[in-house]
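Report on the structure given below.
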Amino acid sequence: PVQSCSDSVLKLMNRKYDMKYFKNTVKKLRDIKKDVSITTDIITGHPGETEDEFKKTIDNIKEIEFSKLHVFPYSERRDTPSAKLAQLPDYVKKEHTDKLLELSVVLEKKYMKKFLGKKLEVLFETSKDGYSYGHTTNYLHVKVLGTIPSSSFKTITIINIEYPYLFGEIYED
């Protein structure tokens with residue numbers, strides 16, 4: 001996980017990589033598998049994070065086009081180097097967290113659109129209220145009409161997005 005998308009915050013967090021390295025790694029992964037799902041953890045409101053750095057984080061996230069973000073506000077841990085720095089107010093952490101969660105939904109829907117009309121293998125896990133739910137190999141949540149036994153694999157055709165699910169139909173040869 002990246003945990004921030006700003007080089008200066010990565011340095012503050014003592015990470016051993018920078019955004020150039022990360023972006024190059026993502027490019028290599030996408031060269032190998034075009035529709036790979038790449039998610040990341042983002043910690044918002046790290047001590048020392050400025051508004052400009054937060055904007056740079058948003059720009060980097062959009063450029064990389066993650067398929068989903070896992071967003072957490074920074075929480076102070078005693079006896080760490082970050083705990084000795086000036087802490088950001090809770091309202092700033094909340095604003096930044098909310099903005100990134102909204103961006104995550106936009107990115108998720110954009111990623112999901114790539115699969116409309118495609119056939120995907122789904123591992124079904126549960127059924128409820130006349131629908132069955134499962135995941136694709138790239139972690140997309142899928143639902144179909146009908147009851148499919150859990151732990152069953154089925155090929156489905158994606159016909160719609162009903163966020164947070166892709167809605168599909170069982171593919172019949």
Side-chain angles (χ1 to χ4, degrees), residues 1-11 13-44 46 53-73 96-128 131-146 148-173:
V2 152
Q3 298 181 323
S4 175
C5 285
S6 161
D7 281 329
S8 53
V9 174
L10 287 171
K11 188 174 284 190
M13 295 176 73
N14 201 25
R15 298 301 186 247
K16 306 296 185 222
Y17 51 84
D18 61 13
M19 287 310 302
K20 181 178 177 184
Y21 172 83
F22 189 82
K23 288 176 185 179
N24 286 336
T25 302
V26 168
K27 183 187 179 317
K28 289 176 186 175
L29 287 169
R30 288 196 172 127
D31 286 346
I32 294 166
K33 185 166 172 62
K34 181 182 171 208
D35 290 328
V36 66
S37 175
I38 300 174
T39 67
T40 191
D41 294 348
I42 302 287
I43 298 173
T44 63
H46 189 275
E53 289 167 333
F54 181 69
K55 288 177 186 171
K56 182 64 175 168
T57 293
I58 289 174
D59 291 343
N60 284 328
I61 289 168
K62 288 178 179 178
E63 180 183 343
I64 293 167
E65 292 185 316
F66 292 103
S67 51
K68 184 175 184 164
L69 306 175
H70 304 278
V71 184
F72 309 93
H96 289 186
T97 299
D98 291 346
K99 284 181 184 176
L100 290 179
L101 289 172
E102 289 172 13
L103 178 56
S104 183
V105 171
V106 170
L107 294 169
E108 288 176 71
K109 288 179 180 178
K110 183 176 181 177
Y111 183 67
M112 294 169 102
K113 284 181 185 177
K114 294 179 178 186
F115 300 95
L116 288 172
K118 293 191 177 180
K119 293 172 184 56
L120 300 174
E121 192 76 13
V122 176
L123 171 61
F124 285 92
E125 299 155 338
T126 187
S127 295
K128 181 181 176 186
Y131 292 94
S132 293
Y133 301 86
H135 286 87
T136 66
T137 57
N138 50 350
Y139 305 107
L140 292 166
H141 295 274
V142 174
K143 78 176 188 177
V144 298
L145 191 57
I148 298 172
S150 63
S151 301
S152 296
F153 283 95
K154 298 281 183 186
T155 301
I156 65 163
T157 303
I158 304 301
I159 59 172
N160 198 8
I161 297 171
E162 294 181 10
Y163 185 83
Y165 301 101
L166 287 173
F167 184 74
E169 294 178 335
I170 302 296
Y171 176 70
E172 306 289 339
D173 293 307

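All values below come from the heavy atoms of this structure, side chains included, with hydrogens, waters and symmetry mates left out. The first residue in the sequence is number 1, and the count goes up from there.
Expressed to the nearest 0.5 Å, how far CD of Glu162 lies from NE2 of His141 amounts to 14.5 Å. From Asn60, atom CG reaches atom CD of Glu65 across 12.5 Å, with rounding to the nearest 0.5 Å. Atom OH of Tyr165 sits about 13.0 Å away from atom CG of Leu140, to the nearest 0.5 Å. Between atom CZ of residue Phe66 and atom OG1 of residue Thr40 there is a gap of 4.5 Å, rounded to the nearest 0.5 Å. The distance from atom CE of Met19 to atom CG of Asn24, rounded to the nearest 0.5 Å, is 10.5 Å. Once rounded to the nearest 0.5 Å, the distance linking CZ of Phe167 with OG1 of Thr157 reads 11.5 Å.
Within 6.0 Å of the NZ atom in Lys23, the count of heavy atoms belonging to other residues, nucleotides or ligands exceeds 12. Within a 6.0 Å radius of NZ in Lys114, more than 12 heavy atoms belonging to other residues, nucleotides or ligands are found.
With respect to Thr136, the side-chain contact (heavy atoms from CB on, under 4.5 Å) criterion is satisfied by exactly one of Ile156, Val142, Ile158: Val142. Just one residue in the list Asp59, Ile64, Thr57 forms a side-chain contact (heavy atoms from CB on, under 4.5 Å) with Ile61, and that residue is Thr57.
In this structure, Leu166 and Ile161 have side chains that are in contact, with non-hydrogen atoms separated by less than 4.5 Å. Val144 has its side chain out of reach of Lys154: every pair of non-hydrogen atoms, C-beta onward, lies at least 4.5 Å apart. A 4.5 Å side-chain heavy-atom check between Ile170 and Ile148 finds at least one atom pair inside the cut-off. Residues Leu100 and Ile58 form a side-chain contact, since some pair of their non-hydrogen atoms from C-beta on lies under 4.5 Å apart.
Of all non-hydrogen atoms in Leu69 and Ile42, the two that sit nearest each other are CD2-CG1, 4.5 Å. Closest approach of Asp18 to Tyr21, counting heavy atoms only: OD1-N, 2.9 Å.
By the 6.0 Å and 45° rule, Lys143 stacks over the aromatic ring of Tyr131. In this structure, Lys109 satisfies the cation-pi test against Tyr163, with its NZ or CZ atom closer than 6.0 Å to the six-membered ring centre and inside 45 degrees of the ring normal.
For Asp31, the side-chain hydrogen bond (donor to acceptor under 3.5 Å, both in side chains) criterion is met by Lys27, not counting sequence neighbours. Applying the side-chain hydrogen bond (donor to acceptor under 3.5 Å, both in side chains) criterion to Glu125, with sequence neighbours excluded, gives His135.
Within the structure, ring pair (Phe, Tyr, Trp, His ring centres under 6.0 Å) pairs that include any residue of residues 104-127 comprise Tyr111-Phe115 (at least two apart or interchain).
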side-chain hydrogen bond (donor to acceptor under 3.5 Å, both in side chains) evaluation trace for Thr97 with Thr44:
CA-CA 6 Å; Thr97 299; Thr44 63; 2.7 Å; yes
Mind running salt bridge (Lys or Arg N to Asp or Glu O under 4.0 Å) on Asp35 and Arg30 for me, showing each step along the way?
CA-CA 7 Å; Asp35 290 328; Arg30 288 196 172 127; over 6 Å; no
Are Glu121 and Thr155 close enough, and set up right, to give a side-chain hydrogen bond (donor to acceptor under 3.5 Å, both in side chains), and what steps lead you there?
CA-CA 4 Å; Glu121 192 76 13; Thr155 301; 2.9 Å; yes
Start with the C-alpha gap between Ile38 and Leu29, add the side-chain angles, then the distance that decides, and say whether side-chain contact (heavy atoms from CB on, under 4.5 Å) holds.
CA-CA 9 Å; Ile38 300 174; Leu29 287 169; 4.2 Å; yes
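For the residue pair Ser132 and Ser127, a side-chain donor N or O sits within less than 3.5 Å of a side-chain acceptor on the partner. Residues Thr39 and Ser67 have side chains that never bring a donor and an acceptor to within less than 3.5 angstrom of each other.
Under the 30°/60° scheme for interplanar angles, the aromatic rings of His96 and Phe54 are found to lie parallel.
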